[in-house]
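The structure appears below as structure tokens.
Throughout, protein chains are lettered first and strands after them, A, B, ... in sequence-line order, and every chain is numbered starting at 1.
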Amino acid sequence: KQEVTQIPAALSVPEGENLVLNCSFTDSAIYNLQWFRQDPGKGLTSLLLIQSSQREQTSGRLNASLDKSSGRSTLYIAASQPGDSATYLCAVPQGAQKLVFGQGTRLTINP
Amino acid sequence: EAEVAQSPRYKITEKSQAVAFWCDPISGHATLYWYRQILGQGPELLVQFQDESVVDDSQLPKDRFSAERLKGVDSTLKIQPAELGDSAMYLCASSPGFLEGRDTQYFGPGTRLTVL
């Protein structure tokens with residue numbers, strides 16, 4: 001059974017800092033890994049999807065890496081802004097596309 | 001840009017009442033998912049449809065929850081009777097369904113359920 005863990009559970013940093021969010025998974029036989037953003041009381045917005053054949057995926061100030069062999073992914077956010085404050089979730093598919101999610105990292109960027 | 005639609009956005013109900021949530025996936029998406037997210041946790045799959053057929057409902061509490069996607073398009077999730085522990089965000093997602101395990105899932109805004 002796939003298990004996904006995200007560390008830390010919460011993170012608070014001053015505006016402008018670069019930061020890294022971590023995600024680990026127990027079963028390395030994955031097709032892809034996806035990072036989502038969730039604002040309070042809202043649905044999920046897909047940020048990046050990394051296929052198993054890729055090692056990195058970039059979108060603007062976001063960069064996600066994937067190391068299947070070690071069961072790890074990181075989401076790097078450059079030059080953080082207050083608008084980046086949200087919960088960030090990683091997820092991997094299990095079986096016929098069922099997504100298994102981590103519990104999320106609640107990020108606060110202080111002006 | 002096409003989006004997954006859900007209604008209602010918020011629902012407050014009393015224990016033992018019946019509630020229903022509706023989801024309209026992105027047009028042409030064969031796969032539809034219902035997830036439940038308890039506050040402070042990640043979403044967990046309740047039921048997955050491929051067209052009108054259930055693919056996975058192993059985590060659906062079938063004594064009180066039911067889900068249908070009769071024409072393989074929109075879907076309804078029902079709870080009867082609601083219990084206090086059902087308070088959560090109910091998220092619907094859809095994907096094209098062509099690439100097993102490799103499709104991007106697109107999520108709707110969710111329905112926030114509060115059971116009093």
Side-chain angles (χ1 to χ4, degrees), chain A residues 1-10 21 23-25 27-54 57 59 64 66 68 73 86-107, chain B residues 1 3-7 9-10 21 23 25-26 29-51 53-60 88-114:
Chain A
K1 178 184 173 185
Q2 180 72 269
E3 293 183 0
V4 180
T5 304
Q6 290 187 248
I7 295 174
L21 307 180
C23 172
S24 61
F25 46 94
D27 185 351
S28 61
I30 60 170
Y31 283 121
N32 57 49
L33 183 143
Q34 200 163 356
W35 283 93
F36 293 88
R37 169 185 172 136
Q38 186 175 34
D39 292 293
K42 306 292 186 182
L44 276 63
T45 300
S46 180
L47 297 173
L48 290 164
L49 184 145
I50 312 176
Q51 300 292 353
S52 60
S53 57
Q54 298 175 314
Q57 193 67 250
S59 176
L66 175 63
K68 275 185 57 176
S73 176
T87 295
Y88 291 80
L89 295 146
C90 68
V92 294
Q94 175 179 296
Q97 288 198 260
K98 162 185 170 177
L99 282 181
V100 179
F101 286 84
Q103 68 271 49
T105 293
R106 190 173 67 253
L107 176 64
Chain B
E1 184 175 311
E3 296 181 340
V4 176
Q6 288 188 249
S7 68
R9 294 291 308 277
Y10 305 92
F21 313 132
C23 172
I26 293 173
H29 279 194
T31 311
L32 184 147
Y33 315 79
W34 283 102
Y35 290 87
R36 178 171 60 184
Q37 185 179 24
I38 295 170
L39 190 64
Q41 299 182 18
E44 291 187 336
L45 181 74
L46 289 174
V47 61
Q48 177 182 342
F49 290 93
Q50 183 69 24
D51 299 311
S53 300
V54 173
V55 173
D56 185 348
D57 63 356
S58 57
Q59 299 303 310
L60 187 72
M89 174 77 87
Y90 290 82
L91 295 161
C92 180
S94 70
S95 66
F98 300 132
L99 302 173
E100 184 174 306
R102 285 168 282 173
D103 277 341
T104 298
Q105 293 187 21
Y106 299 87
F107 282 77
T111 296
R112 167 72 68 190
L113 173 66
T114 301

Completion exercise
Okay, A:Leu44 and chain B: the region with an atom under 4.5 Å from a heavy atom over there is both
Practice task
Determine whether more than 12 heavy atoms belonging to other residues, nucleotides or ligands lie under 6.0 Å from atom CD of A:Gln54.
Solution key: yes
Handout entry: Heavy-atom pair of closest approach, residues A:Leu89 and B:Gly42
Key = CD2-CA, 4.1 Å
Practice task
Please round to the nearest 0.5 Å and tell me the distance separating atom CD of A:Gln94 and atom CG of B:Asp56.
Solution key: 9.0 Å
Exercise for the section: Count the heavy atoms belonging to other residues, nucleotides or ligands that lie under 6.0 Å from CD of B:Glu44, then report whether that count exceeds 12. Expected result: no
Exercise for the section: Against chain B, label A:Gln6 side chain, backbone, both or neither, depending on which of its atoms sit under 4.5 Å from a heavy atom there. Expected result: neither
Practice task
Carefully, step by step, assess A:Lys42 and B:Arg112 under the rule side chain to side chain contact (heavy atoms under 4.5 Å, CB included).
Solution key: CA-CA 9 Å; A:Lys42 306 292 186 182; B:Arg112 167 72 68 190; over 6 Å; no
Practice task
Classify the side-chain pair A:Gln34/B:Gln105 by whether it contains a donor and acceptor separated by less than 3.5 Å.
Solution key: no
Practice task
Using atom types as modelled and distance alone, determine if a side-chain donor or acceptor of B:Tyr35 lies under 3.5 Å from a backbone N or O of A:Leu99.
Solution key: yes
Practice task
Please flag which part of B:Gln37 lies under 4.5 Å from any non-hydrogen atom of chain A: side chain, backbone, both or neither.
Solution key: side chain
Handout entry: B:Tyr106 atom OH, neighbour heavy-atom count above 12 within 6.0 Å
Key = no
